[in-house]
Amino acid sequence: MEKKIGEVFTDGKNKIKVFESTDDDCKGCFYDVDVCGADCTKNIHVAGFCGELSRNDQTGVIFKIEK
């Protein structure tokens, strides 16, 4: 399962949007350990992979809360 860039999905009470990552940093990602306090790999079943090497489109992404 891979979320497309621009796609919005629900994770619990949060609406999450997929953004192209501008670098190899997880800064600002909803699933980053410093942001949600969890191991981000536990969320793969919900959000899909984020690393460019693991995605079909070969583009790294981050996930942000949609406001």
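What you see below is based on every heavy atom in this structure, not just the backbone, and it leaves out hydrogens, waters and symmetry mates.
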Identify the two heavy atoms, one from Glu2 and one from Arg55, that lie closest to each other, and give their separation to 0.1 Å.
OE1-CA, 3.1 Å
List the atom pairs, with distances to 0.1 Å, where a side-chain N or O of residues 3-19 and a protein N or O form a donor-acceptor pair under 3.5 Å, not counting sequence neighbours.
residue, atom, partner, partner atom, Å
Glu7, OE1, Lys4, N, 2.8
Asp11, OD2, Tyr31, OH, 2.5

Side chains of residues 59-67: which donor-acceptor pairs under 3.5 Å do they make with residues two or more places apart or in other chains?
residue, atom, partner, partner atom, Å
Thr59, OG1, Asp57, O, 3.1

